[in-house]
Protein chains: 2
Amino acid sequence: MAQALTHRLEAFTRLSPDDKEALAKLSKVARVVPPRRDLIREGEKPKFVHLMVDGWACRYKTLPDGRRQVVAFFVPGDFCDLNVYVLKEMDHSIGAITRLSVADISRDDMDALTTNYPRITQGLWWEALVNAAIQREWTLNIGQRTAYERIAHLLLELFLRLRTVGLTNGISCDLPLTQTDLADATGLTAVHVNRTLQELRRDGLIVLEKRRLTLPDIEALMTAAMFNPNYLHLDHEGRYLDSNQ
Amino acid sequence: MAQALTHRLEAFTRLSPDDKEALAKLSKVARVVPPRRDLIREGEKPKFVHLMVDGWACRYKTLPDGRRQVVAFFVPGDFCDLNVYVLKEMDHSIGAITRLSVADISRDDMDALTTNYPRITQGLWWEALVNAAIQREWTLNIGQRTAYERIAHLLLELFLRLRTVGLTNGISCDLPLTQTDLADATGLTAVHVNRTLQELRRDGLIVLEKRRLTLPDIEALMTAAMFNPNYLHLDHEGRYLDSNQ
DNA sequence: CGTAGAGTTGATTGGTCTCAAGATGCGTGG
DNA sequence: CCACGCATCTTGAGACCAATCAACTCTACG
């Protein structure tokens, strides 16, 4: 857990002890945010790059009439918006889901990091490109997949992302999202998410209770979701999907 | 037209004559792609950053059963995927919509550009962040807006993006998309797009015929679409939305 | 002219939403 | 330790938005 980011970047590249130490320093300055509290709101001036050290968060946008769309979930090791501070104001909000440990990284610290650690810079590029790819996949997910496929796909993605940072236990992982969170992320209503989860359970594709998710047959779930893991780009240095942890 | 990218980056920052010359050189090497031809396909190894010099293209993903989602439209001055070459393979395809003039920029050329022209580098960062913001807005659009709002929103976005690169004439612009393209981008069927466009016409919000779009009442359209232009981040250096050319 | 892509229309179906009520779980304070 | 309150989850019935299927028209173009 402590070094989710290192874990994550190593899915892409090899890091030197020096690199790892530099990353470890980032996590050390983390502050704690209580659950369901916003880290930053739409309209505010972005000042820091955020690194999720522990806990879950989400990026969301809202419409004037209250409709809400979660556009991304953040899990430990996720970085958000390399270089945001070039923008004048945030076009979305970021909110904690669980109790959160987050490092606020200043522009100067980021600049120092990227000029002194080329492998990390490479890694952060990869991170940014993967995040963009995830956002595109979400567009596909919401635009084309049925409710059933959509939820299956989201759960799979989250599971695999947690696995790359070492936060799974075999076929299980924590999933602190409410059905309302899942609804806001998939463009469905909470009621329909509820019914669809029941279908997935009935079909033996998921076990989800007490904020814990188990995937008894990941292959079948991937088929049901039409899940193609290529967009997570986990295979750069010979690390493959089925190399569990 | 010739210098859409310069036009676009100046929505964000001031460029020196040197900067502009460097950008002009990029456009000069453009090659021509016929309409409806793919530039690059999912699974291929990305080798170049693409700069759209003239014409329209789209980024799209498909599901095994043929469902297709357009996840982005590219108009002149758009850059795609700064630094893609760090990825092993494409997770999506890019296809020309019209006859296209596109510059393939090598890794070396990109590196040279970013080390020698700091303002351009800044500009490209802004460009990348805006593209990410657009992708998020699409997620919101497809996830939460009704068909009517959704199409209104997309048309508005495209119009405003064309305006920042000087490709509008007052309240009109070219729109070479078919109703099927619009359908694939909005997660609707072509039939429903057709009916919804008729509604928008009936309400006097758009005129769309012969691949030409006119927005007679942009304010009303923005209200109908719940359009908030903040995500386009066009206001960095005092350039505002209503400062039409 | 003949063909193909694009746009249009109508009738019907169906996936998802809405509204409303009830059940379950859990932290908190008396 | 129980009672309460509140968020979360669950269930049912009905309505509606958008999909589906199937013509048909229009236009561009070779």
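Computed over heavy atoms, backbone and side chain alike; hydrogens, waters and symmetry mates excluded. A note on names: the letters A, B, ... follow the listed sequences, proteins ahead of strands, and every chain is numbered from 1.
- Distance A/Arg67 CZ to C/dT18 C1': 14 Å, rounded to the nearest Å.
- Following rounding to the nearest Å, A/Arg36 (CZ) and D/dC6 (C1') show an atom-to-atom distance of 14 Å.
- When heavy atoms are screened at a 4.0 angstrom cut-off, B/Thr189 is found touching base atoms of the nucleic acid.
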Which nucleotides of DNA chain D pair, in dot-bracket form (Watson-Crick or G-U under 3.5 Å, | meaning another strand): ||||||||||||||||||||||||||||||
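- Within the 4.0 Å cut-off from OP1 or OP2 of D/dC9, not a single side-chain nitrogen or oxygen of A/Asn194 is found.
- Atom CZ in B/Arg150 sits about 12 Å away from atom C1' in D/dA19, given to the nearest Å.
- A heavy atom closer than 4.0 Å to some atom of DNA chain D occurs in no member of residues 197-212 of chain B.
- Using a 4.0 Å cut-off between a side-chain N of Lys or Arg and a carboxylate O of Asp or Glu, B/Arg36 and B/Asp181 qualify as a salt bridge.
- Comparing C/dG10, C/dT18, C/dT16 against the side chain of B/Val191 picks out C/dG10 as the nearest.
- With B/Ser172 contributing its side chain and B/Thr168 its backbone, the two residues share no donor-acceptor pair below 3.5 Å.
- Taking atom CG of residue A/Leu177 and atom C1' of nucleotide D/dT8, one finds them 13 Å apart after rounding to whole Å.
- Looking at A/Gln144, A/Arg145, A/Arg136, A/Glu137 one by one, the single match for side-chain hydrogen bond (donor to acceptor under 3.5 Å, both in side chains) with B/Gln69 turns out to be A/Gln144.
- Judged by distance alone, the side chain of B/Glu89 and the main-chain N or O of B/Glu44 form no donor-acceptor pair under 3.5 Å.
- Looking only at distances, no side-chain donor or acceptor of B/Arg8 sits under 3.5 Å from a matching main-chain atom of B/Val165.
- In B/Arg67, the CZ atom is crowded: over 12 heavy atoms of neighbouring residues, nucleotides or ligands sit closer than 6.0 Å.
- Closest heavy-atom contact between A/Leu82 and B/Leu129: O-CD2, 3.7 Å.
- Nucleotides of DNA chain C nearest to A/Thr196 and B/Thr180 differ in position, and the one nearer the 5' end is that of B/Thr180.
- For residues 135-149 of chain B, proximity to DNA chain D is found at B/Thr146, B/Ala147, defined as any non-hydrogen atom under 4.0 angstrom from a strand atom.
- Whole-Å rounding puts the B/Gln179 CD to C/dT9 C1' distance at 12 Å.
- The CG atom of A/Asp65 sits 15 Å away from the P atom of C/dC17 (whole-angstrom rounding).
- Following rounding to the nearest Å, A/Arg195 (CZ) and C/dC19 (C1') show an atom-to-atom distance of 11 Å.
- Nearest heavy atoms, A/Tyr60 versus A/His92: O-CB, 3.4 Å.
- A salt bridge between B/Lys47 and B/Asp104 is absent, with no side-chain N of the basic residue lying under 4.0 Å from a carboxylate O of the acidic one.
- Classified by interplanar angle (parallel below 30°, tilted 30° to 60°, perpendicular above 60°), the ring pair A/His153/A/Tyr231 is parallel.
- One interatomic measurement links the two molecules: NE2 of A/His192 to P of C/dA20, which rounds to 20 Å at whole-angstrom precision.
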